[in-house]
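Remarks on the structure that follows.
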Number of protein chains: 2
Amino acid sequence: MTKRTKKTGLPQELSVGDVARRSGVTVSTLHFYETKGLVSGYRNAGNQRRYPRSILRRVAVIRIAQRAGLSLSEIREALETLPNGRQPSIRDWRRMSGAWRDALQDRIESLLKLRDQLDLCIGCGCLSLTDCPLRNPGDIKGKSEEIT
Amino acid sequence: MTKRTKKTGLPQELSVGDVARRSGVTVSTLHFYETKGLVSGYRNAGNQRRYPRSILRRVAVIRIAQRAGLSLSEIREALETLPNGRQPSIRDWRRMSGAWRDALQDRIESLLKLRDQLDLCIGCGCLSLTDCPLRNPGDIKGKSEEIT
DNA sequence: CATTGACCTCAACCTTACCTGAGGTTTTAT
DNA sequence: ATAAAACCTCAGGTAAGGTTGAGGTCAATG
């Protein structure tokens, strides 16, 4: 554990281990995120990673975006839109999370559609290639030939 | 293309290429599925794969289950519950797809929850570690210590 | 001031779901 | 009968998202 400020009991800079414990990701994941350009920090005299407390919010944002279905590279791109490497402010967070919410909504809608098709088709069980929406996601009508 | 029955114009047995064209997966995917125990067929005198027409339904079922979010090994397990390697009947299909529908429903619900939390938190932007549901998916209250 | 836990780098490995290509055989069409 | 198209096996590759381990350094503790 990195040393603590006497007054607050809160460390002002965090080691990888601190960040790992507090953010719920492993140290190796933090290293990995660093190689992918998702997080960064500085090094102390002994070449050990040190992070400002804002890293915690950044990692939280990354994990939320992952849950919403974004890939790490999409997340990196989104984080890169922050002016000169700033940590996400409330305003930034609002903009990014709004976009992610919409992507998430799209995903949800396509899953709902699949679920409804399943509901329909569980009853009939036909799985007709030309007619069943489950087999024909794009709604492309088959050739004249019968298939299944 | 495998040779066709004179009467119907429909091949009674299908080659990998036929299956690929008709099912929308590639030949290499069919090979791959075979190594994973998801599909099987027999071999002709020249060691080429031949499949009964029911393979098409089987592949369709696999792809639907994938879209619903199941892994290939889960799908294999489900297909293995079919008595003595039978192809899925309407009854089987109903049982499996019912279970998948429920798994899909769970996924949808967790995404909906995430979306609603995003909606709430887009406004506030706090991302408080101890209070924000987005940062605290399991609803576990943090330690006494303040974190972010 | 020595020990022990935490860190460092780098390379290799893991899982899922496939794809690619080399080198050789079989089928189909002409 | 022959050439082209399709098929075969097997090894190796890809991408994402990490994990593991070796060999060595740094820092907090008694």
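Numbers restart at 1 for each chain; the letters A, B, ... are given by sequence-line order, proteins then strands.
Between the side chain of A/R101 and the main chain of A/A68, no donor-acceptor pair closer than 3.5 Å is present. Judged by distance alone, with hydrogens and angles left aside, the side-chain atoms of A/D18 form a donor-acceptor pair with the main-chain N or O of A/S15 at under 3.5 Å.
Rounded to whole Å, the distance from NE2 on B/H31 to C1' on D/dC10 is 12 Å. Atom CZ of A/F32 and atom P of C/dA12 are 18 Å apart (whole Å). Atom P of nucleotide C/dT25 and atom CG of B/N47 are separated by 12 Å, given to the nearest angstrom. With rounding to whole Å, B/Y51 atom OH is found 7 Å from D/dC8 atom P. Going from atom CD1 of B/I75 over to atom P of C/dT16 covers 12 Å, rounded to whole Å. One can place CD of A/E34 at 11 Å from P of C/dC10, the figure rounded to the nearest angstrom. With rounding to whole Å, B/R43 atom CZ is found 16 Å from C/dT25 atom P. Straight-line distance from the CG atom of A/D18 to the C1' atom of C/dA6: 10 Å, rounded to whole Å.
Between D/dG17, C/dT9, D/dC7, one nucleotide has an atom nearer to the side chain of A/S71 than all others, and that is D/dG17. Between D/dG17, C/dC7, D/dC7, one nucleotide has an atom nearer to the side chain of A/V27 than all others, and that is C/dC7. Counting only heavy atoms from C-beta on, A/Y33 has its side chain closest to D/dG18 among C/dC18, D/dG18, C/dC8. When the nucleotides D/dT9, D/dG17, C/dC18 are ranked by their closest atom to the side chain of A/Q66, D/dG17 comes out on top. Nearest to the side-chain atoms of A/V16 among the listed nucleotides C/dT9, D/dC7, C/dC7 stands C/dC7. The listed nucleotides are C/dC18, D/dC8, C/dC8; the one nearest the side chain of B/L72 is C/dC18.
A/S28 comes within 4.0 angstrom of a base, heavy atoms only. Among the heavy atoms of the strands, none lies under 4.0 Å from B/R76.
Among all heavy-atom pairs drawn from A/R53 and A/Q12, the shortest one is CG-O, 3.9 Å. Here the closest heavy-atom approach between residue A/Y42 and residue A/P52 is recorded as CE2-CD, 4.0 Å.
The shortest side-chain heavy-atom distance between A/I108 and A/L111 does not fall under the 4.5 Å cut-off.
The shortest distance between the side-chain N/O atoms of B/R63 and the OP1/OP2 oxygens of C/dA17 is not below 4.0 Å. One finds a side-chain N or O of A/N44 lying less than 4.0 angstrom from the OP1 or OP2 phosphate oxygen of D/dA27. Regarding contacts with the backbone of D/dT19, a side-chain N or O of A/T29 is found under 4.0 angstrom from either OP1 or OP2. In this model, the phosphate group of D/dT9 is approached by a side-chain N or O of B/R49 to a distance below 4.0 Å at OP1 or OP2. In this structure, A/R50 does not reach the C/dA6 phosphate: none of its side-chain N or O atoms is under 4.0 Å from OP1 or OP2. Between C/dC7 and A/S15, a contact under 4.0 Å exists linking OP1 or OP2 to a side-chain N or O.
With respect to the salt-bridge test (charged N to carboxylate O, under 4.0 angstrom), the residues B/E109 and B/K113 do not qualify.
Toward the 5' end of DNA chain C, the nearer of the two residues B/Q48 and A/G46, judged by each one's closest nucleotide, is A/G46.
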